[in-house]
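A quick write-up on the structure given underneath.
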Amino acid sequence: MPLKNAIDLTGRRILLTGAAGGIGAATARACAALGAAKLVLADNGPMDDLCDELRDQGVDISPHQCDVSRRQDNADLVAAAGDIDAAVACAGICPLEEDWADDPEWDQVFHRVMDVNLLGPIHLVRELLPRMAARGGGQIVLIGSIGGRMGGTSPIVQPHYIASKGGVHALIWWLAQRAAPQGVLVNGIAPGPIATTMTATTPYPKDRYPLGRIGEPEEIAWPAAFLCSPAASYFSGSILDVNGGLFVG
Ligand SMILES: NC(=O)c1ccc[n+]([C@@H]2O[C@H](COP(=O)([O-])OP(=O)(O)OC[C@H]3O[C@@H](n4cnc5c(N)ncnc54)[C@H](O)[C@@H]3O)[C@@H](O)[C@H]2O)c1
């Protein structure tokens, strides 16, 4: 009997935060290409063009403006989304300008980064997990970072971002242990530097990279879509290092 392709999202309903961003939009496109029936797209920025593009492909698109750092926004988002088979939490910020050593305002930025990057996924999973468990299972993907693995790859990346992403990795392991017995698989991806708005002003000298370049959003999107698929049915608490060989743990 021929092996059926299990990297297939046919009929799946998938929720993405940070959907307007580089990795989020690429993940939405990858999910659509793999057959997702419905995409619930959440961001605090505009995403009309992405929604039109995906609707033209026949995907049921449900856009939501929200601030992932707010508990109520996540509750409203998940309540409005209906039944969800998989979710990818891509929303994130990486402020670069401040100086952690001398800037008196820096602590406020620290709290904002933690609220968006770490508390945001907690708010989201708190809402999703019981609903997925009640339906017999689901798949959740949190986007961490190579920064949480090795302290960052650029000297201008600030410690709030690094700490938040290390926290995301620890959160994945914590959640995975609690969610797996309920049939919900929680996994993550720790991307290396990827060419998106987030990294547009950061210098990345090519000679520092094993592949001679930083990554493209699609190179994170496909692994994220894979983690939402039946092919990832034995992944729980895994964090995929997708970094072009920059960090090998
Ligand atoms: N680009 C990289 O090099 C890189 C590397 C490692 C990890 N990551 C992570 O990947 C994820 C996606 O980043 P990206 O590179 O696509 O960046 P991006 O800036 O292109 O996208 C981030 C998206 O998150 C949204 N967002 C930010 N704060 C929000 C909030 N409070 N509520 C709702 N939406 C919010 C933004 O509007 C944006 O659309 C982030 O978690 C980021 O930390 C990125």
Side-chain angles (χ1 to χ4, degrees), residues 15-30 40-51 63-78 87-96 109 111-124 140-154 156-169 171-172 188-204 208-209 211 213-221 223-224 227 239-244 246-247:
L15 184 154
L16 297 106
T17 72
I23 291 172
T27 303
R29 292 185 178 104
V40 178
L41 305 180
D43 205 291
N44 65 355
M47 45 189 170
D48 292 349
D49 290 350
L50 177 69
C51 292
H64 295 266
Q65 286 292 314
C66 76
D67 180 343
V68 297
S69 71
R70 292 193 193 137
R71 186 169 182 164
Q72 190 60 48
D73 280 22
N74 285 272
D76 294 344
L77 169 66
V78 173
V88 186
C90 296
I93 55 174
C94 182
L96 297 170
V109 185
H111 290 299
R112 179 64 187 159
V113 172
M114 285 294 170
D115 284 352
V116 174
N117 291 2
L118 186 53
L119 188 55
I122 290 174
H123 287 325
L124 180 68
I140 296 173
V141 183
L142 306 185
I143 304 298
S145 172
I146 191 172
R149 293 288 209 201
M150 59 177 282
T153 58
S154 167
I156 66 172
V157 177
Q158 295 270 308
H160 44 42
Y161 181 79
I162 300 302
S164 73
K165 291 300 183 175
V168 168
H169 297 170
L171 178 65
I172 289 163
I189 299 176
I194 304 298
T196 68
T197 305
M198 184 174 283
T199 54
T201 60
T202 308
Y204 290 108
R208 285 185 36 207
Y209 297 93
L211 292 179
R213 63 176 180 85
I214 64 172
E216 295 299 325
E218 294 73 22
E219 292 175 308
I220 304 304
L227 287 173
I239 300 173
L240 304 185
D241 289 303
V242 185
N243 59 46
L246 199 52
F247 168 77

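Note that ligands are numbered from 1 as they come in the structure, with each ligand's atoms numbered from 1 the same way. Here the structure is a predicted model, which means the values were calculated and not measured.
Contact record, Met114 with Ser164: CE-N, 3.5 Å, taken as the closest heavy-atom pair.
Heavy atoms of Cys90 come nearer than 4.0 angstrom to ligand 1 in at least one pair.
Atom SG of Cys90 and atom CD1 of Ile189 lie 8.0 Å apart (nearest 0.5 Å). Going from atom NE2 of His64 over to atom CG of Leu77 covers 6.0 Å, rounded to the nearest 0.5 Å. Note that CG of Leu124 is 12.5 Å distant from CZ of Arg71, once rounded to the nearest 0.5 Å.
Closest to atom 21 (O) of ligand 1 among all protein heavy atoms lies Gly21 CA, 3.3 Å. Atom 38 (C) of ligand 1 has Asp43 OD2, 3.6 Å as its closest protein atom, hydrogens excluded (heavy atom only). Atom 26 (N) of ligand 1 has Asn44 OD1, 3.6 Å as its closest protein atom, hydrogens excluded (heavy atom only). In terms of protein heavy-atom proximity, atom 15 (O) of ligand 1 is closest to Thr196 OG1, 2.6 Å. At the shortest separation from atom 32 (N) of ligand 1 among protein heavy atoms lies Val68 N, 3.0 Å. Ranking the protein heavy atoms by distance from atom 7 (C) of ligand 1 puts Gly144 O, 3.2 Å first. At the top of the distance list for atom 13 (O) of ligand 1, counting protein heavy atoms only, stands Met198 CE, 3.9 Å. Atom 20 (O) of ligand 1 has as its closest protein heavy atom Gly22 N, 2.9 Å.
Residue-level proximity to ligand 1 for Gln65 is absent, since no heavy atom of it falls below 4.0 angstrom. When heavy-atom distances to ligand 1 are checked against a 4.0 Å cut-off, Ala89 has no atom that comes that close, whether in backbone or side chain. Contacts between Ile194 and ligand 1, counted as non-hydrogen atom pairs separated by less than 4.0 Å, involve both the backbone and the side chain. Looking at Ile23 against ligand 1, both its backbone and its side chain come within 4.0 Å, counting heavy atoms.
When atom types are taken as modelled, the side chain of Asp43 and the backbone of Ala19 share a donor-acceptor pair closer than 3.5 angstrom. Ser145 places no side-chain N or O within 3.5 Å of a backbone atom of Ala190 that could act as its donor or acceptor partner. Proximity of a side-chain donor or acceptor of Asp73 to a complementary backbone N or O of Val68 within less than 3.5 Å is not detected. Listed for the Gln65 side chain is a donor-acceptor partner under 3.5 Å among the backbone atoms of Gly45.
Ligand 1 places these atoms under 4.0 Å from at least one heavy atom of Ile143: 9 (C), 10 (O), 11 (C). Listed by atom number, the atoms of ligand 1 under 4.0 Å from Thr199 heavy atoms are 1 (N), 2 (C), 3 (O). With ligand atoms numbered from 1 in the order given, ligand 1 contributes 3 (O) to contacts under 4.0 Å with heavy atoms of Pro193. Atoms of ligand 1 found under 4.0 Å from any heavy atom of Cys66, numbered from 1 in the order shown, are 32 (N), 33 (C). The ligand atoms of ligand 1 that sit less than 4.0 angstrom from a heavy atom of Ile93 are 27 (C), 28 (N). Less than 4.0 angstrom separates some heavy atom of Asp67 from each of these atoms of ligand 1: 30 (C), 31 (N), 32 (N). Here is the list of ligand 1 atoms found below 4.0 Å of a heavy atom in Arg112: 31 (N).
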- Message: Determine whether Val157 and Leu96 satisfy the following criterion, side chain to side chain contact (heavy atoms under 4.5 Å, CB included), listing intermediate values before the conclusion.
- Response: CA-CA 6 Å; Val157 177; Leu96 297 170; 4.3 Å; yes
- Message: If you apply the rule side chain to side chain contact (heavy atoms under 4.5 Å, CB included), what do you find for Ile194 with Glu219, and how did you get there?
- Response: CA-CA 9 Å; Ile194 304 298; Glu219 292 175 308; 5.6 Å; no
- Might you work through the side chain to side chain contact (heavy atoms under 4.5 Å, CB included) test for Gln158 and Val113, ending with a clear yes or no? CA-CA 10 Å; Gln158 295 270 308; Val113 172; over 6 Å; no
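The shortest N or O to N or O distance between Ser145 and ligand 1 is not below 3.5 Å. Residue Ile146 places no N or O, backbone or side chain, under 3.5 Å from any N or O of ligand 1. Every N/O-N/O distance between Val116 and ligand 1 stays at or above 3.5 Å. Polar contact with ligand 1: present for Lys165 (N/O pair, distance under 3.5 Å).
Inspection of the Arg208 and Thr153 side chains reveals no N or O donor paired with an N or O acceptor under 3.5 Å.
Considering Ile146, Asp241, Asn243, Ile143 in turn, Ile143 is the only one that fulfils the side chain to side chain contact (heavy atoms under 4.5 Å, CB included) rule with Pro191. Of the options Thr201, Thr197, Thr196, a side chain to side chain contact (heavy atoms under 4.5 Å, CB included) to Thr199 is made by Thr196 and by none of the others.
Nearest to atom 22 (C) of ligand 1 by heavy atom, out of Ala20, Gly92, Pro46, is Gly92. The heavy atom nearest to atom 4 (C) of ligand 1, out of those in Gly24, Gly192, Ser69, is found in Gly192.
Counting heavy atoms from C-beta outward, Pro193 and Thr202 have side chains that stay 4.5 Å or more apart.
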